[in-house]
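This report concerns only the one structure given below.
In this chain, numbering begins with 1 at the start of the sequence shown.
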Amino acid sequence: LDGLQKAEFKREIIMELRRDTLGYSVESLARKVKLEPLKLVRLLEEMQNEGMVISVTNTQRLTTWRLKGVGPGAPGAQASR
């Protein structure tokens, strides 16, 4: 990917992650942004190093990616009562 393509894909990834604050698996996010899963993982890891996204792995070993500071467990998030 060249610099412009990379920036456009990052923008699309951020827009999708804003739509679903619980996050996406790589497979479902790859379908949404129309990018190969391996290239998407590389971009997500780069975005994680930049502090834009976080990854959470559950007990079933499914990794979910979401925007940093958004969603469950984010600072300022309140539990529903």
Side-chain angles (χ1 to χ4, degrees):
L1 296 173
D2 68 15
L4 180 60
Q5 286 178 322
K6 189 184 288 190
E8 288 175 357
F9 276 118
K10 284 183 178 183
R11 180 177 172 273
E12 285 185 46
I13 291 167
I14 289 171
M15 288 174 55
E16 286 298 327
L17 292 176
R18 282 182 179 164
R19 286 190 188 126
D20 188 353
T21 58
L22 296 177
Y24 284 101
S25 67
V26 169
E27 293 79 16
S28 60
L29 188 56
R31 283 192 300 271
K32 294 276 188 180
V33 298
K34 296 174 179 62
L35 185 65
E36 296 174 26
L38 291 177
K39 289 182 181 180
L40 178 62
V41 168
R42 198 172 315 134
L43 272 179
L44 287 168
E45 288 173 346
E46 185 176 310
M47 292 170 74
Q48 186 173 31
N49 289 336
E50 295 168 353
M52 298 166 64
V53 298
I54 59 171
S55 63
V56 178
T57 305
N58 66 13
T59 56
Q60 288 85 28
R61 297 174 61 188
L62 174 69
T63 301
T64 304
W65 293 85
R66 64 179 186 233
L67 288 177
K68 188 173 184 178
V70 177
Q78 297 188 3
S80 47
R81 295 179 184 190

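Shown here for W65 and L17, the closest heavy-atom pair between the two residues is O-CD2, 3.4 Å. Across all non-hydrogen atoms, the minimal contact from K68 to G51 is CD-O, 3.3 Å. What you find for G23 and R66 is that their closest heavy atoms are CA-CB, 3.8 Å.
No more than 12 heavy atoms of other residues, nucleotides or ligands sit less than 6.0 Å from atom NZ of K32. Summarising the local packing, CD of E50 is surrounded by more than 12 heavy atoms from other residues, nucleotides or ligands at distances under 6.0 Å.
Hydrophobic cluster membership differs between L29 and M15, with clusters built from Ile, Leu, Val, Met, Phe, Trp and Tyr side chains linked at under 4.5 angstrom. Follow the hydrophobic side-chain contacts under 4.5 Å out from L67 and you never reach L22; the two are in separate clusters. Neither L40 nor I54 shares a network with the other; the hydrophobic side chains, linked directly or stepwise wherever heavy atoms of I, L, V, M, F, W or Y lie under 4.5 Å apart, form separate groups for each. Linking Ile, Leu, Val, Met, Phe, Trp and Tyr whenever their side-chain heavy atoms come within less than 4.5 Å leaves V56 and Y24 in two separate clusters.
Evaluated for a side-chain contact (heavy atoms from CB on, under 4.5 Å) with V26, the options T64, V41, L38 yield exactly one hit, V41.
To the nearest 0.5 Å, the span separating OG1 on T63 from CG on N58 amounts to 7.5 Å. Here the CZ atom belonging to F9 is positioned 8.0 Å from the CG atom belonging to L43, to the nearest 0.5 angstrom. Remark: E8 CD to I13 CD1 distance equals 12.0 Å, nearest 0.5 Å.
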query = Which is it for K39 and Q5 under the side-chain contact (heavy atoms from CB on, under 4.5 Å) test, yes or no, and what are the steps along the way?
reply = CA-CA 12 Å; K39 289 182 181 180; Q5 286 178 322; over 6 Å; no
task = Might you work through the salt bridge (charged side-chain N to carboxylate O under 4.0 Å, His left out) test for E16 and R19, ending with a clear yes or no?
result = CA-CA 5 Å; E16 286 298 327; R19 286 190 188 126; 2.4 Å; yes
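Salt bridge absent: K34 and E12 never bring a charged side-chain N and a carboxylate O closer than 4.0 Å.
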